[in-house]
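Counting convention: from 1, in listed order, for ligands and their atoms alike. Index from 1, following the sequence. Remember, predicted model here, so these are calculated numbers, not experimental data.
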Amino acid sequence: MALTLSRKAQAVKPSSTLAITAKAKEMRTNGIDVVGFGAGEPDFNTPDNVCEAAIKAIHDGFTKYTPASGTNELKEAISRKFKEFNKLDYAPNQIVISNGGKHSLTNIFSAITNPGDEVIILAPFWLSYPEMVKMADGVPVIVYGTKENGYKVTAEQIKAACTDKTKAVIINSPSNPTGMIYTREELQAIADVVVEKDIYAVADEMYEYLIYGGEEHVSIASLGEEIYKRTITCSGLSKSYAMTGWRLGYTGSSVEIAKLMSSVQSHATSNPNSIAQKAAVEALNGPQESLAEMKVAFNARREYMYNRVKGFPYVEVQEPKGAFYLFIDLGSAIGLTHKDRQITCAADVADVLITEYATAVIPCADFGAPNNIRLSYAISMEEIAKGLDRIEAFLKELK
Ligand SMILES: *Cc1c(COP(=O)(O)O)cnc(C)c1O
């Protein structure tokens with residue numbers, strides 16, 4: 001046996017967003033004034049009351065192992081939040097707390113997937129889903145949402161993609177990268193297909209609090225007993241509470257699935273960080289004002305960005321309803337040239353923008369949308385204004 005490596009690990013694509021981010025960082029080190037629209041995390045600090053709770057946990061000596069799937073105190077807090085915010089009944093023994101939403105999602109696939117099982121992913125999708133499914137020996141099946149339908153996939157499309165190997169469908173609303181949300185009616189239709197085909201729904205509701213303009217967040221599991229039984233609901237503290245570095249995610253599921261995930265986690269990582277768990281209790285149970293303030297700031301940036309970008313040449317945008325991203329279709333710019341360089345895809349656009357305009361954007365080929373870029377508005381209004389000036393200048397140079 002030679003020194004070969006894991007085929008599975010080698011088949012995993014490293015995150016493509018890193019290349020642009022690394023280039024932006026290097027340029028910044030060299031004193032260049034780079035505008036970074038790549039951010040996948042809130043620019044705000046974690047709220048003070050949450051930080052104080054963590055400091056107290058350290059001083060109180062709450063620094064040891066906790067139960068592998070999390071403390072009962074935090075499960076109680078999450079259970080209450082599920083009930084009040086999501087209209088979902090998950091008792092503490094149905095909740096597993098993990099090291100971030102990503103960890104929760106990988107636990108889900110370890111618990112439900114057997115080799116060859118197909119998992120339906122709705123494109124444009126968050127780039128980690130296909131890799132996560134493959135890491136669990138599953139087979140990603142991509143179904144594309146149309147522009148006409150707000151980049152959303154219909155229940156009929158999901159039904160048509162089901163085979164006898166289909167194990168689950170992943171629903172991410174609000175969506176990263178499109179910022180779109182599925183309505184109650186759309187989710188009801190999808191739930192009907194999930195129940196009819198007797199598959200699982202994996203509901204990634206990481207951006208559930210970040211919804212603007214009076215739209216409501218609907219958890220698919222709340223739409224009836226049958227869909228509730230088949231859904232694993234996943235959320236976390238990262239995006240809503242500006243706690244990306246703390247690594248706290250969680251799931252609500254059947255007791256059976258919770259037990260499997262907890263068992264897998266007990267061998268892989270044991271409990272999520274004890275201090276972060278205390279902080280999360282405060283985040284969920286304490287005052288919620290900072291959450292509301294962040295939302296107001298995100299909303300102002302969203303409106304400014306959308307209203308400016310929709311007037312730019314060669315772009316097509318739809319008003320994002322949630323998360324903190326603007327998803328831009330540059331299909332009309334493909335084939336044009338910028339100072340003799342032909343633009344063949346959104347990755348070319350991103351390359352020219354970073355190299356010549358010191359502006360980092362995320363090209364979305366790895367999100368299932370090769371003609372699109374994603375701009376994050378988790379950066380200050382001043383930076384957004386400056387960056388949009390640069391993108392506009394770039395677009396006006398196209399011939
Ligand atoms: C950020 C993100 C997550 C997970 O975030 P963690 O930092 O691991 O908590 C999950 N799903 C989507 C769509 C995300 O954008």
Side-chain angles (χ1 to χ4, degrees), residues 15-18 21 37-44 46 50 70 74 78 81 95-110 119 121-133 135-136 140 142 145 151-153 168-182 201-211 217 219-220 232-252 261 265 268-269 272-273 276-277 279-280 283-284 294 298 320-327 362 364 366-369 374-378:
S15 174
S16 66
T17 55
L18 289 179
T21 320
F37 282 115
E41 60 181 339
D43 52 320
F44 305 106
T46 302
V50 176
L74 181 52
I78 292 168
K81 174 263 169 190
I95 293 168
V96 175
I97 305 158
S98 305
N99 299 283
K102 272 188 182 170
H103 187 204
S104 297
L105 287 160
T106 55
N107 279 341
I108 294 172
F109 298 115
S110 336
V119 175
I121 297 173
L122 315 182
F125 50 79
W126 184 45
L127 80 176
S128 291
Y129 297 142
E131 306 312 309
M132 285 173 169
V133 168
M135 288 192 289
I142 313 291
Y151 299 105
K152 290 185 277 188
V153 175
V169 55
I170 307 174
I171 295 133
N172 173 219
S173 176
S175 155
N176 173 6
T178 69
M180 294 300 156
I181 60 178
Y182 280 79
V202 176
D204 178 351
E205 306 187 354
M206 195 54 66
Y207 296 94
E208 61 195 354
Y209 285 115
L210 297 173
I211 291 189
H217 174 71
S219 290
I220 190 167
I232 303 108
T233 306
C234 174
S235 189
L237 284 285
S238 298
K239 309 293 162 63
S240 317
Y241 290 93
M243 290 178 70
T244 44
W246 300 74
R247 311 312 299 135
L248 240 298
Y250 56 84
T251 52
M261 291 195 291
Q265 177 163 308
T269 63
N273 181 298
Q277 290 189 70
L284 294 171
M294 291 189 266
F298 279 137
K321 307 273 196 259
F324 39 67
Y325 308 107
L326 185 71
F327 190 61
I362 301 294
C364 293
D366 288 348
F367 294 73
R374 187 193 77 180
L375 303 191
S376 161
Y377 45 92

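In this view, I362 and T17, F367, R374 satisfy the side chain to side chain contact (heavy atoms under 4.5 Å, CB included) rule, not counting sequence neighbours. For A369, the side chain to side chain contact (heavy atoms under 4.5 Å, CB included) test picks out P124, F327, C364, N372, with sequence neighbours left out. Here T233 pairs with F82, L88, Y90, E205, A221, T231 under the side chain to side chain contact (heavy atoms under 4.5 Å, CB included) rule; sequence neighbours left out.
Checking each of R247, Q265, M261 against S98 for a side-chain contact (heavy atoms from CB on, under 4.5 Å) leaves exactly one that passes, namely Q265.
Ring to ring, F298 and Y209 are not that close: their centroids are 6.0 angstrom or more apart.
For ligand 1, residues of the protein lying within 4.0 angstrom by heavy-atom distance are G100, G101, K102, W126, Y129, N172, N176, D204, M206, Y207, S238, K239, R247.
F324 has its side chain within reach of P42: a pair of non-hydrogen atoms, C-beta onward, lies under 4.5 Å apart.
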